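Because the structure is predicted, anything quoted here is derived from the model rather than measured.
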Amino acid sequence: MEVLEEDEEYNWREVRLPSLIPVVPEPELERESGERRRGRDIIIAVDHGPKSKQAFDWALIHFCRLADTIHLIHAVSNVKNEVVYQATQGLMEQLAVEAFQVVMARTMARIVEGDAGKVICKEAERLKPAAVVMGTRGRSIVQSVLQGSVSEYCFHHCKAAPVIIVPGKDAGNESLI
């Protein structure tokens, strides 16, 4: 059984992903130093929608590098719900395999409980990533203001890292990769 952690601010649950990356020694290249050699932490907020998948694909194609660690974050209303956990675990395993195949990046996954915007910002404060990548539904400004938007909330409140909002395209469920 996975560990269920309770914090005074929010609950979260680690998702155990298969180990895809073999342990290899660090490259012996002198020009590869600092951040580029050790990699960066990148948070990608995911859900089961096509806009989230497009943001994930965009991050793999345009932003991630070989030594990076991708942190997949999915916000839910209850982390103890086994049906939601199993569905999210399957999604995150699929994304982890894809990240390894495309950029050979290490992937970690976490399901967090609470309001999506707030817990994504808390995870960004905890990890201090190079960036937080997320998709948007493509609503108008008026709709976003009236109905609320997770990406807009993170854009205004996430101070630990820059937030990259990938606009949705009319590609449906098609992968960009």
Side-chain angles (χ1 to χ4, degrees), residues 10 12-18 20 40-66 68-79 81-124 127 129-158 161-177:
Y10 64 100
W12 55 271
R13 194 168 174 182
E14 283 301 327
V15 177
R16 305 236 190 258
L17 298 174
L20 300 170
R40 307 168 295 176
D41 289 317
I42 299 167
I43 291 179
I44 303 177
V46 297
D47 61 16
H48 297 280
K51 306 300 182 188
S52 171
K53 176 68 169 109
Q54 289 169 354
F56 176 80
D57 291 348
W58 182 92
L60 291 185
I61 294 168
H62 299 289
F63 195 73
C64 295
R65 300 189 296 231
L66 177 66
D68 291 344
T69 301
I70 297 171
H71 297 270
L72 300 174
I73 305 295
H74 183 211
V76 297
S77 59
N78 185 358
V79 293
N81 185 334
E82 285 299 318
V83 174
V84 171
Y85 178 79
Q86 295 298 328
T88 301
Q89 181 177 14
L91 171 71
M92 291 183 169
E93 286 176 358
Q94 175 187 352
L95 296 177
V97 168
E98 192 172 321
F100 180 72
Q101 290 173 340
V102 174
V103 292
M104 293 181 64
R106 181 179 348 170
T107 306
M108 302 182 77
R110 182 177 271 200
I111 301 171
V112 290
E113 181 178 303
D115 181 48
K118 290 178 182 175
V119 295
I120 291 169
C121 289
K122 286 188 186 299
E123 286 294 307
L127 291 171
V132 176
V133 180
M134 62 180 47
T136 183
R137 292 185 186 156
R139 294 179 181 164
S140 70
I141 295 173
V142 174
Q143 287 176 322
S144 294
V145 170
L146 293 176
Q147 295 175 342
S149 168
V150 173
S151 56
E152 191 167 322
Y153 179 89
C154 291
F155 180 73
H156 291 293
H157 293 93
C158 187
V163 177
I164 300 171
I165 300 172
V166 181
K169 296 190 179 181
D170 294 329
N173 289 327
E174 295 177 23
S175 178
L176 299 174
I177 298 175

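- The residues Glu113 and Lys122 are annotated as not salt-bridged, no charged nitrogen and carboxylate oxygen being separated by less than 4.0 angstrom.
- Not counting sequence neighbours, the partners of Val119 by the side chain to side chain contact (heavy atoms under 4.5 Å, CB included) test are Tyr10, Ala75, Val112.
- A distance-only check finds a donor-acceptor pair linking the side chain of Arg13 to the backbone of Val79 [under 3.5 Å].
- Closest non-hydrogen pair, Pro129 versus Ala124, comes out as CD-O, 3.2 Å.
- Among all heavy-atom pairs drawn from Ile44 and Ala59, the shortest one is CD1-CB, 3.7 Å.
- Residues Asp57 and Glu98 meet the side-chain proximity criterion, which asks for heavy atoms closer than 4.5 Å.
- In this structure, Ala105 and Ile70 approach most closely via the heavy-atom pair CB-CD1, 3.9 Å.
- For Ser52, the side chain to side chain contact (heavy atoms under 4.5 Å, CB included) test picks out Val46, Asp47, with sequence neighbours left out.
- Ring geometry for His62 against Trp58 counts as tilted: the plane angle lies between 30° and 60°, on a 0 to 90° scale.
- Residues Cys154 and Met134 are in side-chain contact: their nearest non-hydrogen atoms beyond the backbone lie under 4.5 Å apart.
- Taking 4.5 Å as the limit, every side-chain heavy atom of His71 sits out of range of all side-chain heavy atoms of Glu123.
- Nearest heavy atoms, Ser151 versus Ile165: O-CD1, 3.6 Å.
- Nearest approach of Phe63 to Arg40, heavy atoms of both residues: O-NH2, 2.6 Å.
- Within the 4.5 Å cutoff, side-chain heavy atoms of Lys53 are placed close to those of Leu95.
- The CG atom of Leu127 sits 6.0 Å away from atom CG of Asp41, with the distance rounded to the nearest 0.5 Å.
- Taking every heavy atom of both residues into account, Arg110 and Met92 meet most closely at O-CE, 3.8 Å.
- How far CD of Gln89 is from NE2 of His74: 13.5 Å, rounded to the nearest 0.5 Å.
- Summarising the geometry, atom CD1 belonging to Ile73 is positioned 10.0 Å from atom CD1 belonging to Ile111; distances are rounded to the nearest 0.5 Å.
- Residues Asn78 and Val84 are not in side-chain contact: their nearest non-hydrogen atoms beyond the backbone lie 4.5 Å or more apart.
- Counted within 6.0 Å of CZ on Phe155, heavy atoms from surrounding residues, nucleotides or ligands total 12 or fewer; the atom is thus considered open.
- Side-chain contact between Asn81 and Val76: absent, with no pair of heavy atoms (C-beta onward) separated by less than 4.5 Å.
- The side-chain heavy atoms of Val15 and Tyr85, taken from C-beta on, include a pair separated by under 4.5 Å.
- Here Thr88 contributes atom OG1 and Leu72 contributes atom CG; the two are 11.0 Å apart, rounded to the nearest 0.5 Å.
- Here the CZ atom belonging to Arg65 is positioned 15.5 Å from the CE atom belonging to Met104, to the nearest 0.5 angstrom.
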